[in-house]
Amino acid sequence: MSQILDQAAAASEKSGSQGPRISFLGPEGTFSESVVDYIFEDRDFHRLPQNTISDCLASLASGAADHAVVPVENSTGGVVPDFWDILARGWQQRSWEITHDVVSDVSQHLFTLPELAEVGQKPVKIFSHWQALRQCRKYLDRVYPKADWVPVDSTAEAGRLVREAAGEAYAAIGHRNIGDRFGLTRLAASVEDNPFNQTRFMVVSRRSTTATGYQGAAAEARALTYHSALSPSLASVPAALAEIQQGQGWELAGCYSLPKPGYMGEYNVFMDWRTGGELPADPVDPTPDSEYVVLDTYLRVP
Ligand SMILES: O=C(O)C(=O)C[C@]1(C(=O)O)C=C[C@@H](O)C=C1
């Protein structure tokens, strides 16, 4: 992964700052932040926690951040639509590109205030990111059927809210580190319904920061390369599939369709194509008549 860092460091040197500026869904203590720590290890970088995924991408467009790490799908809860929505709305004008993805194991934990845990008081409200609540539905139904499940901007925001509302019988679901961060006591560990719970994150970079060093990253993380393509309607999907499948060993790895705003029954279809080995110089080559456009080619962080 050091090549990714070298690439990021080169970019920040050019922009005159101390280290790459990485935005992610905050506040500190989210799963997104733990993935940033994993990717950028203990090298110097600036943390830029944001309130929403949309803010993460906006920080790239404004030049405030060099890279953003954003969740795009979970193996239990499904797609996180924010990223795909933004991509669908602005794929022609965007000033950033997907350079890597990474799949992270996700284990959810239930926390409350120590004084409530001590007297065994059951929470009446359980806060978390909607995606985390979705990953724990069966558990919550079984153990806390009477509690309100309240979606908030992130899992760490849930922890912060529980800490701030001292005196209320509240609980939060999130990363195991929110206990220490917000002074909360763990009521239950690994409350996700599926023990193989994983979330996929995209590393998204400002275009100007990725122009140099990209081949270096490619040489290191070459085991899997992905290619993102967009088909502008459902009707065009079969032709796009047939054409891309004729290429050099590309295999369909994921497909997400999003309604076009305002049109019932019309969709943008995003496809992720996977291949092993080196990054092909010209992976998929649409012609002017092709029923799809190629968005980005990116690498999986091991
Ligand atoms: O709230 C967080 O901790 C996040 O980083 C967001 C997020 C998501 O959007 O999927 C990330 C991983 C988990 O699946 C739950 C929540």
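Ligands are counted one by one from 1 in listed order, and the atoms in each one are counted from 1 as well. Heavy atoms only: backbone and side chains are in, while hydrogens, waters and symmetry mates are out.
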* Which pair of non-hydrogen atoms, one from Leu113 and one from Gly167, has the smallest distance, and what is that distance? -> CD1-N, 3.8 Å
* Structure fact -> Scanning both residues in full, the closest heavy-atom pair of Glu33 with Gly29 reads OE1-N, 2.8 Å
* Asked: What is the nearest protein non-hydrogen atom to atom 10 (O) of ligand 1, stated with its residue, atom name and distance?
  -> Gln131 CG, 3.1 Å
* Can you sort out the partners of Ser104 under side chain to side chain contact (heavy atoms under 4.5 Å, CB included), two or more places apart, ordered by chain and number? => Val35, Phe201
* Structure fact -> For Pro71, the ligand 1 atoms with a heavy-atom partner under 4.0 Å come out as 8 (C), 9 (O), 10 (O)
* Structure fact -> Note: Phe24 and Cys56 closest approach over all heavy atoms is C-SG, 3.4 Å
* Judged by non-hydrogen atoms, does Gln135 sit under 4.0 Å from ligand 1? -> yes
* Considering only non-hydrogen protein atoms, determine which one is nearest to atom 13 (C) of ligand 1 and report residue, atom name and distance to 0.1 Å. => Thr199 OG1, 3.7 Å
* To do: Please name the pair of heavy atoms, one in Arg207 and one in Arg94, separated by the smallest distance, quoted to 0.1 Å.
  => NE-O, 3.6 Å
* Structure fact -> The answer for which part of Thr30 has a heavy atom under 4.0 Å from ligand 1 is both
* Which of the ligand 1 atoms, numbered from 1, are nearer than 4.0 Å to a heavy atom of Ser32 -> 4 (C), 5 (O)
* Which residue and heavy atom of the protein sit nearest atom 6 (C) of ligand 1, plus the separation -> Leu25 CD2, 3.7 Å
* Asked: Which atoms of ligand 1 sit under 4.0 Å from any heavy atom of Ser154?
  -> 1 (O)
* Asked: Which atom names give the shortest non-hydrogen contact between Tyr139 and Asp193, and what distance separates them?
  -> N-OD1, 3.0 Å
* Asked: With only distance considered, is Val106 within less than 3.5 Å of ligand 1 through an N or O on each side?
  -> no
* Asked: Can you find an N or O of Gln108 that's nearer than 3.5 Å to an N or O of ligand 1?
  -> no
* CA sep, side-chain torsions, deciding dist, call: Leu161, Glu157, side-chain contact (heavy atoms from CB on, under 4.5 Å) -> CA-CA 6 Å; Leu161 280 168; Glu157 176 61 9; 4.0 Å; yes
Going by atom type alone, with no hydrogens or angles, which donor-acceptor pairs under 3.5 Å involve a side-chain atom of residues 121-130 and a protein atom two or more places apart or on another chain?
{"unit_1": "Lys122", "atom_1": "NZ", "unit_2": "Val143", "atom_2": "O", "d": "3.2"}
{"unit_1": "Ser128", "atom_1": "OG", "unit_2": "Ile173", "atom_2": "O", "d": "2.7"}
{"unit_1": "His129", "atom_1": "ND1", "unit_2": "Gln131", "atom_2": "N", "d": "3.0"}

* Asked: If you measure from each non-hydrogen atom of Thr155 to ligand 1, which part falls under 4.0 Å: side chain, backbone, both or neither?
  -> both
